[in-house]
Structures are given as C-alpha cells and as structure tokens.
Number of protein chains: 2
Amino acid sequence: MVNRFVEKMSGLADLTASDVAALEAATAKSHRYAARKDLIREGDETGPMFVVLEGWLCRYKILPNGTRQIMAFLMPGDACDLNIKLLAEMDHSIQALTPAHVARVARADMQAMMDKHPNIARAMYTAQLVDEGIMRAWIVSMGRRTSTERVAHLICELYLRARSIGLTHDDEFALPLSQLVLADALGMTSVHINRVLKVLRLTGAMGLSRGSVTIMDPAKLVNIAGFDENYLHRRLRPTN
Amino acid sequence: MVNRFVEKMSGLADLTASDVAALEAATAKSHRYAARKDLIREGDETGPMFVVLEGWLCRYKILPNGTRQIMAFLMPGDACDLNIKLLAEMDHSIQALTPAHVARVARADMQAMMDKHPNIARAMYTAQLVDEGIMRAWIVSMGRRTSTERVAHLICELYLRARSIGLTHDDEFALPLSQLVLADALGMTSVHINRVLKVLRLTGAMGLSRGSVTIMDPAKLVNIAGFDENYLHRRLRPTN
DNA sequence: CGAAGGGTTGATCAATTTCAATCGCGGTGG
DNA sequence: CCACCGCGATTGAAATTGATCAACCCTTCG
C-alpha cells in the first residue's frame with residue numbers, strides 16, 4: 001500500500017531514494033485505532049510524533065460548558081507535533097474520526113533522521129509552516145466568514161489537501177465526517193450546517209451525501225468561499 | 001534597555017552566558033516601524049525572521065469583502081516564522097500596531113546559531129509550540145465562546161503573556177490597542193466589543209481605559225473566560 | 001424487529017451586526 | 001489661545017444570523 005506520508009513529503013522537498021527509505025522505515029510499523037478513540041488527551045504527558053497513514057484524525061478540545069471545538073483535521077500523510085516532547089503535557093486531545101492507521105515516531109529518532117537527511121528536515125519544516133497557515137486560515141474563517149462561506153471554504157481546503165495526496169476522483173472525494181463533526185470544526189450547530197449544506201446543494205455549488213463530496217461548480221464554490229489557495233503553498237510543487 | 005527576546009528565551013530553556021551573548025548579538029541591530037506600518041504583506045516574497053523588541057505587532061489578513069481578521073498579536077520578546085524562508089511567499093501580512101523596534105534575523109544566521117547553541121534551538125522550538133497552542137486557543141474561542149467569554153479569554157492570555165516578560169504592574173498592564181483592533185482580533189464589531197467591555201466593567205471583572213487594562217477580580221475574569229492557562233505552557237519555568 | 005445515530009425540517013428565541021448619531025479629546029492651523 | 005477636525009468611544013433601534021427546542025424520518029445493524 002502507498003505510504004501517504006512519503007507521498008506528501010515528496011511533494012514538499014526533493015527526496016533521494018535514501019530519504020524515502022528512511023521515511024518508510026520510520027513509519028513501517030503502524031498502530032490501528034478505532035473511530036472515536038483518543039490517541040492522546042489534554043493533560044496527558046506528551047509522547048511520540050504521530051504520522052497518519054490511513055483514516056482521519058482531529059485535534060479537539062472540550063470546553064467547560066461541554067461543547068467541543070475541533071481545531072484541525074489530520075488526513076493520511078499528515079504528521080503532528082514535531083517537537084512536542086519539549087512540552088510537559090498536551091493542551092488538547094487528538095482523536096480518530098474513522099478507523100485509522102497511525103505510525104509513532106520518537107522525537108529522538110525524528111531528530112536523528114532530520115540531522116542525517118536535510119531534505120527530510122526541510123520537508124518537515126515546510127509541512128509545519130503550511131499547517132500553521134491552515135490554522136490561521138481557520139481563525140480567519142471563524143472570525144470573518146458567514147456560515148455558508150465558512151463551509152464552502154473548508155470544503156475547498158479539504159478538497160485540495162485530498163487532491164495533493166491523490167485522494168480525489170475528478171470532482172469528488174470521500175469525506176467520512178458526520179455533520180456533527182463538521183459543525184464542531186466550524187463553530188456551528190449540526191442543525192445549522194445541515195441547512196447550509198442544503199443551500200449549497202440548491203445553489204449548484206457542491207453536494208455532500210453518503211460520505212462523499214461532489215464539487216458541482218468549482219468556480220462558484222471558490223467564489224462563495226472567497227477561497228485563495230495561496231495559504232496551502234502548493235506552489236512548491238507543480239499542480240498535477 | 002532590556003532585551004525582551006533574551007528574557008523570553010531564558011524563560012523557555014536554561015541559557016548559558018554564551019547563549020545569551022549570541023542572542024543579543026543577533027538582535028543588536030533593530031529597525032523602527034511607525035504604527036500602522038506593514039512589515040511585510042500577503043503575497044510578498046518571504047524574508048528574514050522578525051523579533052519584536054519594543055511595541056506590538058499583529059498578523060492579519062484582509063478578506064475579499066474588505067473586513068480584516070487579526071490572527072495573532074506579537075508583543076516584545078516574540079519572534080515570528082522561524083523557517084519562513086522555506087515558503088515562496090507570505091500568506092498573510094504583519095503590521096505594527098504601535099511604534100515598534102524589530103530586529104531581523106536571516107534564516108541562515110538563525111540556523112547557524114541554533115546549530116551552535118542547542119539551548120537556543122530548544123527555546124525556539126518551544127516558543128513555536130506555544131505559539132501554535134495560542135492559535136488553537138484562538139480557534140476554540142472564536143468557535144465556541146460567546147463574545148463576553150471571548151474578550152475575557154483574550155485579556156487573560158494577554159495579561160499572562162505580558163506578565164511573563166515583566167510588562168505588568170500588579171493587576172494592570174498597558175494594552176495599546178483600539179477597540180477596533182480588538183474587534184478585528186475577536187471576530188466581532190467594534191460596537192459590540194464596546195458593549196461587552198461595559199458589561200465586564202459593570203460586572204467588576206476588569207476594566208479597560210486609556211490604553212490600560214485593570215484586572216479588578218482575577219477569579220471572576222478567569223471564570224467568565226473559562227480560562228485554563230495550560231496552553232501557554234508556563235510550567236516550563238516557575239511563575240515569578 | 002427494535003434501537004441508535006445521523007440527517008432533515010419547522011418554529012421560536014437570543015446574540016450580534018448594521019445603521020445612525022452623538023460625544024470627547026488631542027492635535028492643528030490660524 | 002481658540003475653533004475646527006478626525007478618530008475612537010459610546011449609545012439606541014432595527015435588521016439578521018444562527019442557536020435552540022422539538023419532532024420526525026431513514027438507514028444501518030445487532
């Protein structure tokens with residue numbers, strides 16, 4: 001099976017055969033997690049770096065009032081928290097949203113690999129910068145976009161991220177997330193996101209059903225979202 | 001004058017005299033920026049790393065509809081974008097909110113310094129992890145907190161950050177930001193933030209006037225905000 | 001067959017924005 | 001020294017968005 005992590009890293013820096021081999025070796029062993037299973041919780045001692053090979057994860061936090069906010073989606077190929085071991089404990093939780101395969105890499109191993117393979121270091125740093133850009137884009141969405149724009153924007157982002165790791169089929173891609181999960185990521189209620197999705201469907205921009213998104217009119221969707229892909233920094237590698 | 005950057009870094013890792021000297025040398029030369037001046041704009045080619053020595057900056061983005069969203073405040077001691085040179089162009093802008101002194105450090109110099117001074121590398125990585133935690137906290141606030149909670153939470157954060165670099169006096173600290181700027185950071189209108197501040201003042205939790213915040217009742221403010229400081233990871237160093 | 005989770009819809013309520021005015025204060029030009 | 005200007009703060013009233021409350025439906029799965 002393809003190692004999506006290697007795929008993604010190759011897209012961020014030119015990797016030699018030796019670089020690829022090192023990455024594959026580091027992520028050869030993976031653990032399986034069931035959907036809804038926490039990989040690590042807020043307050044836990046920090047651990048190894050996670051690398052998602054299959055399935056979707058999310059970072060989230062539960063507030064005192066019981067509501068949940070998802071701060072990031074992690075899809076195949078994504079790694080989290082390069083130097084996390086420098087911190088004493090986690091300030092948020094990470095959970096599997098679908099059954100997932102996740103490799104764990106100790107900070108020391110990662111450090112050694114990066115010292116020996118500068119291209120890998122470069123790719124990791126770049127990935128981290130892109131992740132920060134994504135977080136900032138989320139802040140912008142939550143702060144200044146209406147709910148419809150926000151949903152459209154998230155779908156644009158997820159579509160491009162999925163496409164860059166070869167997870168799309170033409171104008172479709174699998175989005176195995178319930179409306180409740182999407183709502184928790186976008187700061188709205190599942191009732192409201194349902195209505196927004198209906199509007200987007202009737203508008204002819206996009207549709208979401210049975211775990212699959214169809215981009216019906218890309219230009220229209222991008223326009224609704226006010227989407228500018230520059231923050232994903234895909235320029236690093238020509239669009240396929 | 002104190003070098004707040006050195007101050008902050010000392011709080012994140014144990015630094016030797018040689019480490020401190022290196023940091024001071026790297027940030028000895030600083031540039032002055034007037035309030036409202038952009039240091040770099042979205043779309044610009046990426047440049048050196050900025051280190052704030054005096055004054056406040058913010059990261060922001062202007063949306064197609066003309067609204068602005070601030071994604072981060074940078075106060076004295078804060079550095080931005082360690083490896084930014086890996087990206088081709090900026091995905092957001094950085095602006096001075098007050099007159100500011102900012103040092104610029106080239107990526108190569110920074111890299112050399114970190115290679116030679118592992119403690120500095122550790123402090124930089126830690127600072128970056130904390131900054132990411134702050135971004136996630138902002139996402140949580142924007143998504144799941146009411147406007148009152150959100151304002152209270154931001155003030156708690158800024159108070160602690162200011163305190164950790166010695167910028168507070170008892171229960172007061174200087175917050176040289178207009179209500180419009182705060183509104184753009186919190187995703188609300190300046191009209192509404194004004195009303196929220198009034199409520200917080202009447203509640204007896206905090207007051208903001210003439211550029212200065214007074215925490216009237218810390219416990220009450222923390223309670224309103226649902227504030228948990230764990231995400232600032234101050235544990236690394238005993239609270240002064 | 002029955003239960004559960006997710007999706008859909010309607011009606012009502014509450015939080016925020018929007019629009020409009022007014023106020024106050026520091027700075028500027030005369 | 002004083003009137004004037006402009007930005008930021010403040011307040012009121014109306015308009016909107018999104019949340020809440022409550023059903024009901026559909027499909028999956030044991």
From [atom1] of [X] over to [atom2] of [N], roughly how many Å is that when rounded to an integer?
X      : N      : atom1 : atom2 : result
B/M188 : C/dT16 : CE    : C1'   : 9 Å
B/I193 : C/dA15 : CD1   : P     : 18 Å
A/L177 : C/dG5  : CG    : P     : 18 Å
B/N194 : C/dT16 : CG    : C1'   : 14 Å
B/E149 : C/dT16 : CD    : C1'   : 15 Å
B/Q179 : C/dT17 : CD    : C1'   : 16 Å
B/M142 : C/dT16 : CE    : C1'   : 13 Å
A/H192 : C/dG10 : NE2   : C1'   : 15 Å

Exercise for review: Kindly give the heavy-atom pair with the smallest separation between A/A183 and A/S190, and that separation in Å.
Suggested key: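 Distance-wise, the nearest heavy atoms are CB-N, 3.6 Å.
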**Study point:** Non-hydrogen atoms of B/V140 and A/Q69 that approach each other most closely
**Key:**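 So the two residues come closest at CA-CG, 3.7 Å.
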Exercise for review: Would you list the pairs meeting salt bridge (Lys or Arg N to Asp or Glu O under 4.0 Å) in which at least one residue belongs to residues 39-48 of chain A, sequence neighbours left out?
Suggested key: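 For residues 39-48 of chain A, and leaving out neighbouring residues, the salt bridge (Lys or Arg N to Asp or Glu O under 4.0 Å) pairs sorted by first residue read A/D38-A/R41, A/E45-A/K85.
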What contact category does [X] fall into here, base, sugar-phosphate, or nothing, at under 4.0 angstrom with non-hydrogen atoms?
X      : result
B/T146 : sugar-phosphate
A/G187 : sugar-phosphate
A/T189 : base
A/R144 : nothing
A/R36  : sugar-phosphate

Practice item. Output yes when at least one side-chain N/O atom of A/K198 is less than 4.0 Å from OP1 or OP2 of C/dT8, else no. Key: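 Result: no.
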Point to revise | Ring center gap for B/Y231 and B/W138 short of 6.0 angstrom | key: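 Judged by ring-centre distance (under 6.0 Å), B/Y231 and B/W138 do not meet the cut-off.
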Exercise for review: Verify whether one side chain among B/T27 and B/N3 offers a donor that lies under 3.5 Å from an acceptor in the other.
Suggested key: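 A pair is found: one side chain offers a donor N or O, the other an acceptor, under 3.5 Å apart.
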Exercise for review: State, without any angle test, whether B/S147 and B/H192 hold a side-chain donor-acceptor pair at a distance under 3.5 Å.
Suggested key: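 There is such a pair between these side chains.
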Point to revise | Residue whose nearest DNA chain C nucleotide is more 5′ - B/R195 or A/L208 | key: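 Per heavy-atom nearest nucleotide, the more 5' residue is A/L208.
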Review point. Using a heavy-atom cut-off of 4.0 Å to chain A, what are the terminal contacting nucleotides of DNA chain D, in 5' to 3' order?
Key: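 Contacts span D/dG18 to D/dC21, reading 5' to 3'.
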Check your understanding: Do A/Q95 and A/R68 pass the side chain to side chain contact (heavy atoms under 4.5 Å, CB included) test, and can you show the C-alpha distance, the side-chain angles, and the key distance before you say yes or no?
Key -> CA-CA 12 Å; A/Q95 177 171 107; A/R68 172 174 73 158; 3.8 Å; yes
